[in-house]
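So you know, we letter chains A, B, ... as the sequences are listed, proteins then strands, and number each from 1.
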Amino acid sequence: MTWWKNFGKKFKKQPRRFVWVEKLLKEITPKSHDFSQWYVDVIKKADMVDYAPMKGFMVMKPYSYKIWEFIQAAMDQRFWATGHENAYFPLLIPENLLKKEAEHVEGFSAEVAWVTMGGNEVLAERLAVRPTSETIIGHMYSQWIQSYRDLPVLINQWANVMRWEKSTRPFLRTTEFLWQEGHTVHRTETEAVVETIQQLGTYREVIEDELAVPVIEGVKSAGERFAGAVETYTLEALMGDGKALQIATSHFLGQNFAKAFEIRYLDEDGVLKYGWTTSWGSTTRMIGALIMVHGDDKGLRIPPRVAPTQVVIVPIGRGIERDAVIAHATALRDLLASQCRVKLDDRDEFTPGYKFNDWEMRGVPLRIEVGPKDIAQQRVMLCRRDTGEKFAVEERTLVQTVPDILADIQATLFSQAKDYRNRHTHAIQNYQEMAQYDHRGFFLGDWCTDERCADQLKQETAVTIRCLPLDANLSGSGCVVCGKPGVRRALFGRAY
RNA sequence: CGGGGCGUAGCGCAGCUUGGUAGCGCACUUGCUUUGGGAGCAAGGGGUCGGGGGUUCGAAUCCCUCCGCCCCGACCA
């Protein structure tokens with residue numbers, strides 16, 4: 001927290017070029033020094049969030065909310081293309097409904113917030129602020145579904161939910177958070193399983209293609225499964241500090257909720273049958289992942305596809321030249337506006353150097369600098385946030401080159417993240433090997449599927465089973481904990 | 001809920017040990033000069049020192065008490 005003050009002092013009498021280093025260090029704690037502090041510094045300095053006056057709550061400021069809106073758009077587009085529709089269900093759930101599915105209640109009981117008063121009256125039945133909506137949606141579905149002709153029901157909702165968490169961190173875990181939750185009902189088990197996996201694929205597309213965050217697809221072990229689910233599928237990503245983050249989940253609920261809520265339909269054969277349900281969710285945590293995967297010591301690096309501003313133009317000019325430069329830059333902005341989300345920073349109160357650092361901190365993917373020298377040569381300077389490269393480009397080619405560069409930045413961020421992930425993924429034969437990597441990163445190893453081994457591992461090392469990857473095969477070297485024959489290949493890691 | 005840290009201007013902090021007119025840097029306002037990697041000078045505005053109680057002639061400072069925030073753990077998206 002304070003080491004950089006002393007670091008800064010060392011440079012007090014140093015050449016001028018060190019001054020900016022000192023100033024930068026004062027604003028953002030280096031990632032390598034304290035990842036948690038770095039994270040908090042970045043989100044605050046980049047104007048993404050502010051802390052609310054209640055513990056565990058945050059304000060998503062426009063800069064982060066815009067990213068959320070891009071994520072929503074990317075999700076909706078895919079949900080709609082696969083036949084889903086959005087709807088909205090109530091925030092509050094009567095206690096009796098929440099209690100209907102035994103495992104489900106048990107799983108959430110410790111973190112439900114309750115409404116007990118309406119105005120000055122004590123309520124006859126207390127109301128839960130939804131921690132998730134399976135129960136109230138199940139209740140509604142039971143009334144909507146009579147016949148196999150009513151199936152499938154494919155509904156998604158964008159909503160806020162609340163879970164009374166013990167410790168919270170912006171985006172990663174807050175008491176209230178935004179998400180989407182899909183809830184579907186199907187005629188057959190197979191159809192529901194297909195739906196569950198299809199939605200996992202949708203998440204993968206959005207998270208990898210839009211957020212440029214590489215993920216591993218897998219199924220959760222019994223101990224990590226969603227309360228009330230038969231099977232939970234998950235996407236796991238590796239953060240910049242070597243910790244794992246569950247980034248989206250898709251649940252096959254079997255007939256557990258259908259039975260609890262009497263979701264039944266009369267089939268073609270005249271028999272009354274229970275439906276098969278699924279639910280799947282992804283949250284604003286995705287923004288946290290984006291920050292932790294791509295960010296660096298200068299601040300955010302936002303993938304172009306979800307960047308609120310993709311290109312920023314910084315005009316450089318003094319005195320009489322200034323008006324001409326601004327006019328030129330304005331024309332440039334208007335020219336590029338059809339190609340990308342471009343912003344002209346014509347603030348007069350800041351120097352170009354300040355603006356460079358400012359926009360880099362905010363993670364804008366591409367910067368265009370235009371000054372008198374450039375105008376004279378009919379070119380501009382471009383600077384990429386992903387690589388830091390700075391180069392001149394002929395002005396007349398910008399309309400073509402800018403979209404290409406943005407696409408390249410998107411791809412580069414993804415491949416950088418994937419390289420990092422791969423470099424920090426280790427195949428192991430026994431769990432002691434994790435120590436040489438300080439228990440950071442992903443570990444792939446065989447597991448006997450006995451929960452006692454998982455518990456022992458967690459006790460000793462804080463490492464947990466993140467998932468059983470869908471595309472991994474047993475190595476045959478035996479359970480990494482007990483050495484007995486492996487049953488499943490597992491992905492291990494310390495989790496957020 | 002355990003361990004640690006911290007509450008003084010919008011932000012970051014000093015002052016507290018040893019009580020005596022509330023300060024510094026950044027930010028903000030105005031003016032002039034500046035502008036190719038965090039500009040300079042000058043003049044300004046801004047505070048119930050987290051809340052309550054106590055000790056005292058006098059409390060940011062000492063005592064009691066409550067509250068809040070951050071980090072790390074256990075629990076969870």
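Within 3.5 Å, a donor on the side chain of A/K390 pairs with an acceptor on the base of B/G37, or the reverse.
Take A/K100 and apply the salt bridge (charged side-chain N to carboxylate O under 4.0 Å, His left out) test, not counting sequence neighbours, and it matches no residue.
Both distances falling under 3.5 Å, in either a Watson-Crick or a G-U wobble arrangement, place B/G68 opposite B/C6. Under the Watson-Crick and G-U wobble criteria, each requiring two contacts below 3.5 Å, nucleotide B/G23 is paired to B/C13. Searching all strands for a Watson-Crick or G-U wobble partner of B/C49 with both distances below 3.5 Å returns nothing. Across all strands shown, B/G73 is found opposite B/C1 as a Watson-Crick or G-U wobble partner, with both distances under 3.5 Å. Look at B/G37: it lacks any Watson-Crick or wobble partner with both distances under 3.5 angstrom.
Ring-plane geometry between A/W158 and A/F79 is classed as tilted, the angle between the planes lying from 30 to 60 degrees on a 0 to 90 degree scale. Ring geometry, A/F177 versus A/W179: the interplanar angle exceeds 60°, so the pair is classed perpendicular (tilted spans 30 to 60°).
Taking 4.0 Å as the cut-off between side-chain N and carboxylate O, A/D358 and A/R347 count as a salt-bridged pair.
Within the structure, a side-chain polar atom (N or O) of A/S36 is placed less than 4.0 Å from OP1 or OP2 of B/C72.
Each of B/U34, B/G37, B/C1 was ranked by its minimum atom distance to the side chain of A/D348; first place goes to B/U34. Candidate nucleotides B/G36, B/C75, B/U34 were compared by shortest atom distance to the side chain of A/E165, and B/C75 ranks first. Of the candidate nucleotides B/C28, B/G37, B/U35, B/C28 has the atom nearest to the side chain of A/F350.
Annotation: ring-ring contact (aromatic ring centres under 6.0 Å, His included) contacts involving residues 230-253 of chain A, sequence neighbours excluded, comprise A/F226-A/H251.
The residue from A/R385, A/R301, A/R367, A/K45 that alone fulfils the salt bridge (Lys or Arg N to Asp or Glu O under 4.0 Å) condition with A/E360 is A/R367.
Contacts between residues 370-385 of chain A and RNA chain B, defined by a heavy-atom separation below 4.0 Å, involve A/G371, A/P372, A/K373, A/D374, A/M381, A/C383, listed by number.
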